[in-house]
Amino acid sequence: MNILVCVKRVPATAGKITLTADEQAIDTRYLGFTVSPHEECAVEEAVRIVEAQGGTSTVLTLGPEEATDQLREAMAVGIDRAMLLQTDGGEWDAVATAGAIVDAIRAREAVDGPYDLVLLGNEAADTGDYQVGVRVAVALDRPAVTGAKGLEVRDDAVVARREAASGGWEVYEIPRPAVVTVKEGINLPRYPSVPGRLRARKKEIERVTLDPAAASPARIRLRVPVEKESAVEILGEGPEAAPRVVEVFRRLGLIA
Amino acid sequence: MILVLIEHEAGMPDRLSSEALTMGRRLAEATGSPLHAMAWGDGAAAGAGPLRGAGVAVLHTIEDPRLTDYAPEAIGKGLAQLIERERPLAVIGGGSDRAVELMAHVGARTGLPLAANSTDVRPGEPWQVTRQRWGGSLLEEARLDGPIRLLTVAAHAVEPAAMTLAGAASPAEVRPFAPDLTDGDLRVRITSRVPAEAGKISLADARVVVGGGRGVGSAEGFAELDELAALLGGTVGVSRVVTSAGWRPHAQQVGQTGTRIAPDLYIACGISGAIQHMVGARSAKAILAINTDRDAPMVTRATYAVIGDLHTVLPAIISAVREAR
Ligand SMILES: Cc1cc2nc3c(=O)[nH]c(=O)nc-3n(C[C@H](O)[C@H](O)[C@H](O)COP(=O)(O)OP(=O)(O)OC[C@H]3O[C@@H](n4cnc5c(N)ncnc54)[C@H](O)[C@@H]3O)c2cc1C
Ligand SMILES: Nc1ncnc2c1ncn2[C@@H]1O[C@H](COP(=O)(O)O)[C@@H](O)[C@H]1O
């Protein structure tokens, strides 16, 4: 079983987003970096499948040199190999990203044979373009299920479940090799162990250097949406506030 | 021509499709071009009446006897073929999982860029789009290039215009389209379904959500939240810290990678109010924050707040509610 997982390095924003003065990017001077929770779950899923069925898992990212941190985090929880498609740190759009991932998959598969499964996040944390997975699948002429919250890999098929709009689940059984995009909730990712981190630090990372690509749609500027001004009404401190809370419930019609 | 992808129940467009139609109609007016729609599935042609009321001149129905249920590759391929034949100025899909998936297939098949989660589009030289980033906590203005602009509308970013019933008298023209599909294109399709659990209040639709974050402290600490939720006929929602710790299942997570809620009241206990959490709670009509930290973002953004330890505040609220009955 050969599995490829794609993750994207993004700033770990918390209470508030600050933009750079030119409004082209998030000011990341005081921020750490992470990957989307969906992608953390995709990594965990790949590790579990290989633990259960044998084989090799590989993590891939397209991003700047610093994105090796995210590759090492994936290896720290059990991914075997890593590949960096190195950029100069500029914005890459979904079409170009999918194209570069497909080129890398083809080059690797020519040597190692096909990936039985390519896993991605349902959407990246920053762009939220909801499309790189489908573009990769169509280019490789492989079946794709998006938004999976349940996955089972059989000898000849992949069975994926996703939530139906009206509640309940839709089940898709598709042939292998396949592409599946994953949503948080499919599993509960483990935390990296200290030995895991040490092992990951020593591992080789395969690198491919990419030429810069022009993004489309092309960014003009970013902005923070204007928030409704809300003047918070402090109802009180501690348990003494309870009667005023009940008043609010009554005002909102929650209790008679 | 402006083309809108419709999802429907026996022809009647659903809420998110109506949002796409509203953006499509505005764009058709701004560019002086006709508005067309495309739909697939049982009863698609029955949409001709209501769609006329939304300003649609022509309804293209994707027809293939094998399309008995949702099959994203096949439908996406059919839509791409229709688009390459009709060459509209823009194609707009709604904010549902399916519409987004189908538009991604259209983008992949045509090689065109797709602007997902748009909130506004302005035709001109060049066309410009405003789209959501970071789950809606940032907006991006961007140039939309290419001969055919593909867009999806962010869910609930556009107020859907009412469809005038007068249209029903002169329905939209229905043009069936038979895509060129092979059996292989149907390899991805729903093979079975699991029904929803009956009788549970869905987090997305709950009128009251009692939220718990790291401040709850443990899985056992949720007993008071469960009790208050039951008293108010609501349900419990949680932050990502809670699901990552395994205190509660992910199905209860509110936020960017969880569920988006829209209750009358969100009672957020021991939740700091990180932006990824807040994008999921933005549609709450009112927020009551219970937090030890007066400066937590959840408190400053709330309608009401109680400053204090949730484990002493919640029992007092629960007994006060019981007494009030
Ligand atoms: C791409 C991405 C996606 C994400 N998606 C989500 C998402 O969908 N949903 C989500 O929730 N998060 C999400 N996160 C995580 C998010 O950034 C925060 O880490 C998380 O929301 C914080 O959870 P919290 O508020 O429970 O914890 P904390 O931020 O630690 O806040 C705890 C709060 O509890 C208060 N408190 C402590 N003790 C008490 C007490 N006894 N009584 C009252 N108050 C107390 C503290 O003052 C503090 O305000 C995402 C992050 C990323 C990077
Ligand atoms: N730069 C990147 N490097 C690796 N994988 C990526 C990159 N961008 C997107 N992806 C993958 O594609 C998924 C969907 O991204 P998007 O279509 O941009 O929302 C992400 O969750 C990742 O798994």
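Lettering follows sequence order; numbering is per chain, from 1.
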Side chain, backbone, both or neither: which part of [X] has a heavy atom under 4.5 Å from chain A?
| X | value |
| --- | --- |
| B:R189 | backbone |
| B:R149 | neither |
| B:S96 | neither |
| B:P113 | both |
| B:D309 | neither |
| B:I267 | side chain |
| B:V188 | both |
| B:T292 | neither |
| B:Q132 | backbone |
| B:T303 | backbone |
| B:E73 | side chain |

Could you check whether atom CD of B:E9 has more than 12 heavy atoms from other residues, nucleotides or ligands sitting under 6.0 Å from it?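 Check fails, neighbour count at 12 or below.
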Quick check for you: among [options], which has the greatest number of heavy-atom pairs under 4.5 Å with chain A?
| options | value |
| --- | --- |
| B:L138, B:D14, B:V129, B:V313 | B:L138 |
| B:A320, B:A302, B:A116 | B:A302 |
| B:R131, B:H277, B:E323, B:R109 | B:R131 |
| B:L310, B:L265, B:T243, B:T152 | B:L265 |
| B:L112, B:D185, B:L114 | B:L114 |
| B:R207, B:E197, B:M298, B:R282 | B:R207 |

Step-by-step side chain to side chain contact (heavy atoms under 4.5 Å, CB included) determination, A:T146 to B:D97: CA-CA 9 Å; A:T146 64; B:D97 290 347; over 6 Å; no
Test your reading of the model: is there a side-chain donor-acceptor pair from A:Q131 to the backbone of B:A108, 3.5 Å cut-off?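 No, the answer is negative, given that no donor and acceptor are paired below the 3.5 Å cut-off.
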For A:T127, is there any backbone N or O sitting under 3.5 Å from a side-chain donor or acceptor partner on B:R133?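 Pair found, side chain donor or acceptor close to backbone of A:T127.
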Shortest non-hydrogen separation from [X] to [Y] and the atoms involved:
| X | Y | value |
| --- | --- | --- |
| B:V306 | A:A241 | CG1-CB, 3.7 Å |
| A:L188 | B:G246 | CD2-CA, 3.9 Å |
| B:S137 | A:I17 | OG-CD1, 4.0 Å |

Given heavy-atom pairs under 4.5 angstrom as the criterion, report whether the side chain, backbone, both or neither of [X] touches chain B.
| X | value |
| --- | --- |
| A:D141 | both |
| A:V224 | both |
| A:R142 | backbone |
| A:A165 | neither |
| A:A125 | both |

Flag the one option from [options] with the top tally of heavy-atom pairs under 4.5 Å to chain B.
| options | answer |
| --- | --- |
| A:E240, A:K183, A:R162, A:R161 | A:R162 |
| A:I174, A:V159, A:V132, A:V145 | A:I174 |
| A:A242, A:A160, A:A164 | A:A242 |
| A:A144, A:P189, A:G99, A:A139 | A:A144 |
| A:D126, A:V248, A:V136 | A:D126 |
| A:A215, A:S36, A:G133, A:G238 | A:G238 |

Once you round to the nearest 0.5 Å, how far does [atom1] of [X] lie from [atom2] of [Y]?
| X | Y | atom1 | atom2 | value |
| --- | --- | --- | --- | --- |
| A:R251 | B:Y304 | CZ | OH | 4.5 Å |
| B:L228 | A:F249 | CG | CZ | 5.0 Å |
| A:I234 | B:I307 | CD1 | CD1 | 4.0 Å |
| B:R98 | A:E170 | CZ | CD | 4.5 Å |
| B:K285 | A:L252 | NZ | CG | 10.0 Å |

Side chains of [X] and [Y]: does their closest heavy-atom pair fall under 4.5 Å?
| X | Y | result |
| --- | --- | --- |
| B:Q256 | A:E184 | no |
| A:Y130 | B:N117 | yes |
| B:T130 | A:R223 | yes |
| B:R187 | A:P175 | yes |
| A:I186 | B:H250 | no |
| A:L222 | B:L139 | no |
| A:V232 | B:T300 | no |
| B:H105 | A:V138 | yes |

Polar contact flag, side-chain donor to acceptor under 3.5 angstrom, B:T191-A:E173: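 Distance-only check fails for B:T191 and A:E173.
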Are A:E123 and B:T257 linked by a side-chain donor-acceptor pair shorter than 3.5 Å?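 Result is no, nothing qualifies.
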Under a 4.0 Å N-O cut-off, is there an ion pair linking B:R240 with A:E40?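 Yes.
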Taking it one step at a time, do A:E23 and B:E141 satisfy side chain to side chain contact (heavy atoms under 4.5 Å, CB included)? CA-CA 10 Å; A:E23 299 180 315; B:E141 283 160 21; over 6 Å; no
Test side chain to side chain contact (heavy atoms under 4.5 Å, CB included) applied to B:I290 and A:V245, step by step: CA-CA 11 Å; B:I290 303 176; A:V245 171; over 6 Å; no
